[in-house]
2 protein chains.
Amino acid sequence: MAGSGQVRRPRLNRHLVLTEAVAFADANGVGALSMRRLAQQLGVAPMALYKHVTSKDDMLDGMLALLLEDVRETPSTGQWREDLRRRILATRSALIEHPWSQEVLSSRRQMTAAMLDHLDGLVGAMLQGGLPVDLTHHTMHVLGNRMWGFNPELFAATPASDPSFEVQRSALPLRHRHLAEIAAGVDHGAIGVETSRMHDDFEFNFALNLILDGIEEFRNAD
Amino acid sequence: MAGSGQVRRPRLNRHLVLTEAVAFADANGVGALSMRRLAQQLGVAPMALYKHVTSKDDMLDGMLALLLEDVRETPSTGQWREDLRRRILATRSALIEHPWSQEVLSSRRQMTAAMLDHLDGLVGAMLQGGLPVDLTHHTMHVLGNRMWGFNPELFAATPASDPSFEVQRSALPLRHRHLAEIAAGVDHGAIGVETSRMHDDFEFNFALNLILDGIEEFRNAD
DNA sequence: ACCTGAACACCGTTCAAGT
DNA sequence: ACCTGAACACCGTTCAAGT
């Protein structure tokens, strides 16, 4: 007679765990999302989840990947501004539909494959639309915050001491050609902490001046 | 002989708790910051903290307020672009010096007094520099992400059902004149959920077009 | 007024065990 | 191959008590 949670239990798998986790976070917020509560909702012992997800962090990364998957299906028009606008608005819609995603995104310390795929799609839209490489690079920085809703510089700066840094860099051309292409523009030798900070500062000021100049023009046109 | 943690204990107070919490988060990240560990570092029982801080959330808000205090001291030049640039760069420096702040900011669901003070200072710099009210309003939205490092729309949208909404709104003119001034520009009757979403959408697209137009100009000038 | 100790209801994750 | 139960080392916060 106890009608608590799910009655059917259609055999767990990663996708089911992730979709259920997304639904739970949508309904109750990430703060309330715990492995134990999610397991209970799935009518399963807490440790059953760990067969399909290596940790809670892995689960959170998987949840974000789920959101970004939808965005990747945005069709291409061949015009970079229109393509870019559509993709960015699609990303924004996804993040707004799942308000917890912003908080989760800003707590991640590593770029996941899903995030890199997503960025690569954006860069691809610009390059295929004929935008020069250097301007494409700048544009990614200008738009960074506006897509994710947080500052990507903070985790683009993978410390050089991290051994996974070199692996990630060498793997770039294979999975993310477009990212590799704009990275080649700045990659003279190793990027130290100082250099990378200088680069970030440059990009930030570029974006800031762009915005301020635009506003000033509006003002003078009035 | 056990040299664990602090030896002196100069009587707890709110400021001491907050500065120590900031130092702890700087050193170990917010993930590692717990009431128990902070108490241990201060050489005090966990519950001693609760005399100076009402909850962990209150402590996190206090920590952010501490960072924003420094920014408020930015001197004024009378030129809105220069004043704005300085304040934004000062904010950014503060957030970068304390990397945990972005994550904490994006987990807050309410604007605190400290955040409103900060925004009010920015709006004040623009209005006093002669920028029209409506353009000042737009500029705040364009710059939103770039200051905080996340999208302020998400928590500017206080639900109308929240009783504290009206209180906050009526208290605005007293503490935050400049914010009240730009709010008056859109505040025709109550702002429902639909209207506020439409407004956010408009601001988002305004910012996006501004950036894209700026980039396009760079491209053509090449 | 300020701090303590024990307790409550939680966490993520391990390990050995079940089927 | 997939799931369970008990256990470990944690959480934030309450309450009654100490000084």
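Atom set for the values below is all heavy atoms of this structure, side chains included, hydrogens, waters and symmetry mates excluded. Naming convention: chains lettered A, B, ... in sequence-line order (proteins, then strands); numbering from 1 in each chain. Note that the structure is a prediction, hence the values are computed from the model and not measured.
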Point-to-point distance, once rounded to the nearest 0.5 Å, from CD of B:Q102 to OG of A:S107: 12.0 Å
Distance from A:S76 atom OG to A:R86 atom CZ, nearest 0.5 Å? 9.0 Å
Quick one: [X] [atom1] to [N] [atom2], roughly how many Å, whole number?
| X | N | atom1 | atom2 | result |
| --- | --- | --- | --- | --- |
| A:L38 | D:dC3 | CG | P | 13 Å |
| A:Q40 | C:dA9 | CD | P | 15 Å |
| A:H52 | C:dG12 | NE2 | P | 18 Å |
| B:M47 | D:dG12 | CE | P | 11 Å |
| A:R14 | D:dA1 | CZ | P | 19 Å |
| A:N13 | D:dA1 | CG | P | 17 Å |
| A:K51 | C:dA17 | NZ | C1' | 12 Å |
| B:L16 | C:dC2 | CG | C1' | 14 Å |

Could you check B:H52 against B:L18 for side-chain contact (heavy atoms from CB on, under 4.5 Å), going step by step and ending with a plain yes or no? CA-CA 9 Å; B:H52 308 98; B:L18 294 179; over 6 Å; no
Walk me through it: do B:E97 and B:L67 pass the test side-chain contact (heavy atoms from CB on, under 4.5 Å)? CA-CA 10 Å; B:E97 276 171 41; B:L67 303 196; over 6 Å; no
Decide yes or no on side-chain contact (heavy atoms from CB on, under 4.5 Å) for B:L33 and B:N28, but give the supporting numbers first. CA-CA 7 Å; B:L33 175 62; B:N28 311 107; over 6 Å; no
What pairs with B:A65 under side chain to side chain contact (heavy atoms under 4.5 Å, CB included), at least two apart in sequence or on another chain? B:A114
Looking at A:R37, does any N or O in its side chain come under 4.0 Å of the phosphate oxygens OP1/OP2 on C:dC11? yes
Short side-chain N/O contact to D:dT13 OP1/OP2 from B:Y50, under 4.0 Å: yes
Mark yes when over 12 heavy atoms from residues, nucleotides or ligands other than A:R72 sit less than 6.0 Å from its CZ; otherwise mark no. no
Close residues, residues 54-66 of chain A, relative to DNA chain C [heavy-atom separation under 4.0 Å]: A:S55, A:K56
Show me the dot-bracket string of DNA chain C, counting Watson-Crick or G-U pairs under 3.5 Å, with | for pairs to another strand and [ ] for crossing ones. ||.|||||...|||||.||
So if I take every side-chain heavy atom of [X] and compare against [options], which nucleotide ends up nearest?
| X | options | answer |
| --- | --- | --- |
| A:R11 | D:dC3, D:dG12, C:dA6 | D:dC3 |
| A:S34 | D:dC3, C:dT4, C:dG12 | C:dG12 |
| B:R36 | D:dT13, D:dC2, C:dC3 | D:dT13 |

If you measure only the distance, is there a donor-acceptor pair under 3.5 Å linking the side chains of A:D61 and A:T112? no
Base, sugar-phosphate, or nothing: which does A:M35 touch, judged by heavy atoms less than 4.0 Å apart? sugar-phosphate
Output, in order, the C-alpha distance, side-chain angles, deciding distance and verdict of side-chain contact (heavy atoms from CB on, under 4.5 Å) for A:W80 and A:Q128. CA-CA 7 Å; A:W80 74 269; A:Q128 278 156 29; over 6 Å; no
